[in-house]
Amino acid sequence: MANEEDDPIIQEIDVYLAKSLSEKLYMFQYPIRPASMTYDDVTHLSAKIKPKQQKVELEMAIDTLNPNYCRSKGEQIALNVDGTCTDETSTYSSKLMDRQTFCSSQAASNVSRYAAAIYRKGELHLTPLHGILQLRPSFSYLDKADAKHREREAANEAGDSSQDEAEEDIKQITVRFSRPETEQARQRRVQSYEFLQKRQAEEHWVHLHYYGLRDSRSEHERQYLLSQGHGMAENTELIKSPSEYLMMLMPPNVEEEKDKPVAPSNVLSMAQLRTLPLADQIKILMKNVKVMPFANLMSLLGSGTDSTAVLRCIQQVAMLVQGNWVVKSDVLYPKDTSSPHSGVPAEVLCRGRDFVMWKFTQDRWVVRKEVATVTKLCPEDVKDFLEHMSVARINKGWEFLLPYDEDFVKKHPDVVQRQNMLWMGIQAKLEKVYNLLKEHLTPKKQDGQSAHPLLVSGEQRVNMAKAKVKQNYGLLEKELQKQKAEGKANDSPSKMDISNVRIKEEPVSDEEPMDASAYESMNNGMVNGIHSEENSMDSLNGHLPGGCTDRVAQELKAFVMTTFKKQFVLTLSELKRLFNLHLASLPPGHTLFSGISDKMLQDMVLDTGCKQILVPFPPQIHAVSPDELKVYALWEAGDIYDQHRQVLLKIFTKNYRVRRNVIQHQLSQECGEDLNKQDVDRVIKDCCVSHAGMWYLKGTVQS
């Protein structure tokens, strides 16, 4: 109390916060000036700024007439920088060092605690600073002097050598190609000092106009340092309670969290792993292990984990091969990456690794030479693929890493069926990309291959059922006649006791069910097939239980209409491929899984308003499957281009390939001369593809 009485309050000053220049106000700290330099309006010759870096350059005049100025030294510096010649590019046109450049650097990274104050009429007005820049002399003119000196020396040496040698010797040049840059190398380069300097140098200078202290523009801008309104609404930041104000003056110490040491990318902490979401846990585990049985995965995820959720997540990052899960190729090789060995892009690597995975769905053994021949990849990349999922055996090849997991296949037939559909789509894509031959599609038998339960494809199951029907047909007829003779039969067929025999509703004919020949080799005893059982559903032959017929027809019709409205023209093989992909995207137990035959699919196509286009293919196309020669097109889509598309489709009933001028002439003749180029392009794009200067219907191009 005594100290407070000795130090009484003399005056209270109102404090106002001005914000008009809060985002524009900088404070420049000039160095101690020499006697020959004065910082007034005249001495500022030019100014420029780089806004992003908050970097400023000021050029100021030196008073050469000042007695403290050393004229001889100024002349020497000008001579070293510009030489004896003076032109527009000269730094010092007066042959004297008559100017000095100052470059700025940030004095403090956090300037929120600093403000510029102006006191006027008993009021203190504060404006927060946006930056504090320290100006230091720039000696770039010395670099120019060194460059001039080196140029003169080089010119002198060139003159001497030209007198001694009449002709230059021919020198051998070695050309080297740099390796593709990896992601780690790119990150190191981006963080390097040289790269940061280059980025800073790329920012353009913005030239400024300097206004002197007594200039009217300066007087006008200086008014913004005063608070424009003295109302309480503008200065709410200054209205604080004593405790809040004390907290602002002395904030509590916040201990910075220490960075935890980062473990290597191939080292996993199970404690940290289980803190992540389930999908991330599975992705990290599969990316590190690459091949894993489902039972092992469940044990790593810990007790209490829902197996259904795990099955849903694992299918996002892995594929089923021989009952085991193998990580997907796009997880190991993300987009915009490349091979560390050959620089091949990730898309090509994924395609090659998918081929290796697909080969293991057919057989337990894969030959490295065959993979390299088909994929055309370097040996190091192929070896990486094989080491991910197999082990080398002397004189045999590469054997799949894990044994066949029969338990998983029996417990989860719906997952196996879905994966089978996905592999069908992958095989169709690989066949087109690699032009696979029958020898690549047919699995090779190994003497030492262990015997597993036979897994057959859908087509094989249908053929087996047809054969069984033929064998039992006579037996069934005799039994039926016997029952009628004994008077036990009645009008209701449900009362006939034929529980031990199932009669297929589909008559035995030459009409094949949905062709799966392209995918037949995928279900040859390996994991991605379905067990053939005696009590399989009647729908295996393409017929449905009576109660499901209408529902399946509606689903199938919706798929066909949606597909043809997007594609307009499709071959039967392409339509079946899209249908298989559609099945793979459906949830287990969907009605379409009950079985759809080729005949049902083709009848539905015709029922939805499509027509078969009889394209006259040349006789030399004999290696193409019959499904690729069946072409269907949407005849009426309900838009203004229906007539144009119909004219175009009729053209292809006369020739399987035509030139664009023929199409345009026929369209103009049939639809009128006012047909513009955009309409022709639209119609052709809907139905055709171009190859070697000719136009074909979609899906009919034969390489």
How many angstroms lie between atom [atom1] of [X] and atom [atom2] of [Y], to the nearest 0.5 angstrom?
X    : Y    : atom1 : atom2 : answer
Y641 : L667 : OH    : CG    : 12.0 Å
W635 : F568 : CH2   : CZ    : 14.0 Å
D330 : C350 : CG    : SG    : 5.5 Å
L648 : Q643 : CG    : CD    : 12.5 Å
N661 : W695 : CG    : CH2   : 12.5 Å
Q612 : Y632 : CD    : OH    : 4.0 Å

Indicate the atoms forming the closest heavy-atom contact of [X] with [Y], along with that distance.
X    : Y    : value
A346 : P334 : CB-O, 3.1 Å
W398 : S390 : CE3-OG, 3.4 Å
L320 : Q419 : N-OE1, 3.0 Å
K576 : D598 : NZ-OD2, 3.6 Å
M286 : I314 : CG-CD1, 3.6 Å
G693 : R659 : O-NH1, 3.9 Å

State plainly whether the residues [X] and [Y] are in salt-bridge range, i.e. N to O under 4.0 Å.
X    : Y    : result
D681 : K677 : yes
R645 : D686 : yes
R418 : D414 : no
K432 : E574 : yes
K410 : E406 : yes

Show your working on side chain to side chain contact (heavy atoms under 4.5 Å, CB included) between D405 and Q322 and close with a plain yes or no.
CA-CA 7 Å; D405 192 350; Q322 300 191 27; over 6 Å; no

Say whether, by atom type as modelled, one donor and one acceptor occur between the side chain of [X] and the main chain of [Y] under 3.5 angstrom.
X    : Y    : result
K328 : Q315 : yes
T562 : F559 : no
Q664 : V680 : no
D642 : G638 : yes
N655 : V658 : no

The test is side chain to side chain contact (heavy atoms under 4.5 Å, CB included); show your working for T608 and F564 and say whether it passes.
CA-CA 9 Å; T608 53; F564 272 95; 5.5 Å; no

Is there side-chain contact between [X] and [Y], with at least one heavy-atom pair below 4.5 Å?
X    : Y    : result
V326 : M319 : no
F579 : L556 : yes
W423 : V321 : yes
V631 : Y656 : no
N324 : M292 : no
L311 : H412 : yes
L377 : R353 : no
I426 : K429 : no

Let me see the working for D607 and K557 under side chain to side chain contact (heavy atoms under 4.5 Å, CB included), right down to the final yes or no.
CA-CA 8 Å; D607 290 344; K557 184 176 182 180; over 6 Å; no

Derivation and outcome, side chain to side chain contact (heavy atoms under 4.5 Å, CB included), residues L430 and R351:
CA-CA 8 Å; L430 293 174; R351 198 160 52 222; 4.1 Å; yes

Under a 3.5 Å threshold, yes or no: a donor from one side chain and an acceptor from the other, between Y333 and E347?
no

Using a 6.0 Å cut-off, check whether atom NZ of K290 has over 12 heavy atoms from anything other than its own residue.
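For K290, atom NZ is crowded (more than 12 foreign heavy atoms under 6.0 Å).
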
Please lay out, stage by stage, how D603 and K599 fare under the test salt bridge (charged side-chain N to carboxylate O under 4.0 Å, His left out).
CA-CA 6 Å; D603 290 344; K599 187 175 186 306; 3.1 Å; yes

In terms of relative ring orientation, are F408 and F294 parallel, tilted or perpendicular, with 30° and 60° separating the classes?
tilted

